[in-house]
Undergrad: 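Sharing a structure with you now.
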Protein chains: 2
Amino acid sequence: MSRRTARDLRSESRMAVLRAFFTLRTATRQELSQHTGLSVATVSTLVKEFLSAGVVQIEAMVSTGVGRPLELLRLDPGRGYLVGVDVAETYVETTVFDLSLEPLGTVSVPLDEHLNSPQYVVDGIRLAVHGVLALASIEASSVVGVGVSLPGQVQPDLGVSVFAPNWDWHDVRIKDLLTDDLGMHVHVDNPLKAITVAELWFGAGREHRDLAIVNLGTGVGSGFALNGELVRGVSNNAGEWGHTLLVFEGRLCRCGRRGCVEAYVGVGGLMATLAEIQPAHPALRITQQKPFVDAVQSGLVSGDGAMVELVDRTARYLAASLGDLVNMINPEHVVLTGWTVARLGDWLIPLVREKIQPAALASSLAVLTISASALSSSTVALGMSTLTLEHFLAAVGLPSSAGTTGSGTVAG
Amino acid sequence: MSRRTARDLRSESRMAVLRAFFTLRTATRQELSQHTGLSVATVSTLVKEFLSAGVVQIEAMVSTGVGRPLELLRLDPGRGYLVGVDVAETYVETTVFDLSLEPLGTVSVPLDEHLNSPQYVVDGIRLAVHGVLALASIEASSVVGVGVSLPGQVQPDLGVSVFAPNWDWHDVRIKDLLTDDLGMHVHVDNPLKAITVAELWFGAGREHRDLAIVNLGTGVGSGFALNGELVRGVSNNAGEWGHTLLVFEGRLCRCGRRGCVEAYVGVGGLMATLAEIQPAHPALRITQQKPFVDAVQSGLVSGDGAMVELVDRTARYLAASLGDLVNMINPEHVVLTGWTVARLGDWLIPLVREKIQPAALASSLAVLTISASALSSSTVALGMSTLTLEHFLAAVGLPSSAGTTGSGTVAG
Ligand SMILES: [Zn+2]
Ligand SMILES: [Zn+2]
């Protein structure tokens, strides 16, 4: 237990330097020190590791007028590539990034939601990974790692999909299956963790260290970062806000519990609410979820009273549930994301900002802002690539040069 | 924003060494290094600061058989004293501790709950602080700091009671008032933060790094620690689980919202539930809260059917609300504490362990344990003294010797 401390501190320092590169693009050791708050000595030790691993390169020498010129450093985009993979029930979407996490291309492969064997999903992932590499003319041998987001509960350390309800997967050793199949380094995690990391490094996290992500789609979930660090909980399940109570003994949820937030603000919940408002509404004949939400959006544009009422009730449910999240976590900022938000956010977000007022402590609301995500698509792939790069860099550190923050061994 | 990093890392290292002293009592630098995972060099730098501040002393020299003898170090109990103050609506309880946080005496002073001016409360605190110092024969001049827990929402950095609902306090600059009145260094915080810190350092936190505290009494609240660190949120309000939803649009809560957990499992909630079960039950004629809970306990001992039903319903409410906490935070351990738990825990906890099963994710429950607190009384005072000692030690560090984890300036 206590041995984790030094490794944590060391890893935090390394990630702080990496994050500084993402923000600054190019920087001297002195600028990295200023940006991270780490000493120049600590920064120099970490940069030395990054240089010897080929992750960082010297872009130029800069003269400051006094003293000798300083080395201007950057992440080496040619060092290798990362592939981020977003696996959902109906598709696999892959995006390839260079080492500075610039996207180079995206490919999407449909999955039949009625087929659920691990091998079927692995086949889909292989097709999508090789497809995106071909698109961007990248050799498989130059891929540093593949980060795969899987629905449900995932244990990244063990590489296991603990439970994927819609596929009925239990304890599938998906990382081993993918590593064997792809012949590449694979890292797995849950999409909410990936989205939170993407927001943390490239989105709202640049402004806010205490951050909650709320994702609305078929499923509903959250992720949060405290003090700039992703919160995982003890078994990577923190943030399952979608399965907290909204209505005691209310609607049956997909998770088996009654009254969960997801059963009201997930797309299935929206359908159930509309059926309560106007059981014969034509939109209820649409069985697919995205076309249904499109119909809600059209109804709002055309002023359909039932749809206006649906958004009003949904905003009431969402505000109450966000009130719980705010009271529990006391974040500085809530980012709403997901495809329901993309379609209905313009109506939903102003209502939620208003209706959350009685639902959370005044002194927590006083410091809170709420907005839609400003990140473009492929957020899951971006987050998974970031996590995979972190994992790669954690292995780069040389335990023998650990003098700056401790001598703990580095996780491999 | 980014400047916080080095300070955080440095502060974490210092607190890790302090915590090691609490656990080990006496230790060599090598043992401190082993226990914390920090390098011997880092430990030596921090110990040097502690020695020059007089916080640590050399207890003895120990020979290891090889090499020169090593210095056996300990916190210097004679360096000064800490007073922990638990202010509630009806009493002020103070405990004085030496610097190794051994309790030396406790004094309690009643408060009239109908009097609520800041000066009345300050008078009560002064009486209790001077009372406990007289009891333990300690001079006011040797008090390092006084840690005062106040009900409601508190901002420790500003020293302000943001909102204390039962006193109708808004933005009371209580730290300044107390500092002027006592002539001592004062640190203020919220009782849940104090209890969480006490559990973290002296209770369940010795075994569990991801920990939630759930306190049941008149009010209901939680605190949590992730990765061994107290979670505060952006305005020190994280953990307001007592004011998350149990029943959408349910019972009116003291906070003004409808359906909060507190309105069901706080003592007022227990009274309301009993009134639903048996409106004419004699225990409902008891208007004071502790005697009411004593009556519930007696009823359980004697097999009163209404009280058995009351505990069963309360366990159902509590299990559902704890399910939400578990799904959000994914802790390794939940500690139940507070005076309702002291009286009813033997009945409540086994029922909660059973009823939580459908209320939270199986893979989060698989790693979860739930128990009553093993700490004896004065937990709030112990936690406040610990926070005050941390605050004192944060000011001890010398920025110029900051080479080990960074060169950030140290918070005063
Ligand atoms: Zn659910
Ligand atoms: Zn409330």
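Residue numbers begin at 1 in each chain, while the letters A, B, ... track the order of the sequences. All values below come from the heavy atoms of this structure, side chains included, with hydrogens, waters and symmetry mates left out.
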Undergrad: With respect to chain A, which residue among B:A359, B:P358, B:S222 yields the maximal number of heavy-atom pairs within a distance under 4.5 Å?
TA: B:A359
Undergrad: Kindly give the heavy-atom pair with the smallest separation between A:M328 and B:L325, and that separation in Å.
TA: CE-CG, 4.0 Å
Undergrad: List the steps, then state whether side chain to side chain contact (heavy atoms under 4.5 Å, CB included) holds for B:L245 with A:L245.
TA: CA-CA 7 Å; B:L245 275 186; A:L245 275 186; 5.8 Å; no
Undergrad: Would a distance-only check, ignoring hydrogens and angles, find a side-chain to backbone donor-acceptor pair under 3.5 Å from A:N327 to B:H243?
TA: yes
Undergrad: For side chain to side chain contact (heavy atoms under 4.5 Å, CB included), just list the numbers for A:I329 and B:I329, CA-CA rounded to whole Å, side-chain angles, deciding distance to a tenth of an Å, and then say yes or no.
TA: CA-CA 9 Å; A:I329 306 300; B:I329 306 299; 3.9 Å; yes
Undergrad: Between B:N330 (side chain) and A:N236 (backbone), is there a donor-acceptor pair under 3.5 Å?
TA: yes
Undergrad: Mind running ring-ring contact (aromatic ring centres under 6.0 Å, His included) on A:F248 and B:Y264 for me, showing each step along the way?
TA: CA-CA 12 Å; A:F248 188 65; B:Y264 293 81; 7.6 Å; no
Undergrad: Could you tell me which portion of B:V247 (side chain, backbone, both or neither) has an atom closer than 4.5 angstrom to a non-hydrogen atom of chain A?
TA: both
Undergrad: Is chain A contacted by the side chain of B:L361, its backbone, both, or neither, given a heavy-atom distance below 4.5 Å?
TA: side chain
Undergrad: Taking all non-hydrogen atoms of both residues into account, name the closest pair between B:V367 and A:S235 and its distance.
TA: CG2-OG, 3.6 Å
Undergrad: Given that the side chain runs from C-beta out, which part of A:L368 has a heavy atom under 4.5 Å from chain B: side chain, backbone, both or neither?
TA: neither
Undergrad: Give, as side chain, backbone, both or neither, the part of A:L226 having an atom under 4.5 angstrom from any heavy atom of chain B.
TA: side chain
Undergrad: Tell me the side chain to side chain donor-acceptor pair (under 3.5 Å) pairs involving residues 246-258 of chain A, sequence neighbours left out?
TA: A:E249-B:R316, A:R251-A:T273, A:R251-A:E276, A:R254-A:E262, A:R257-B:D324
Undergrad: Kindly compute the distance separating CG (B:N237) from CG (A:L365), expressed to the nearest 0.5 Å.
TA: 9.5 Å
Undergrad: Below 4.5 Å from any heavy atom of chain B, which atoms of A:Q153 appear? Answer side chain, backbone, both or neither.
TA: side chain
Undergrad: As an exercise: rank B:S364, B:S363, B:G228 by heavy-atom pairs under 4.5 Å with chain A and give me the winner.
TA: B:S363
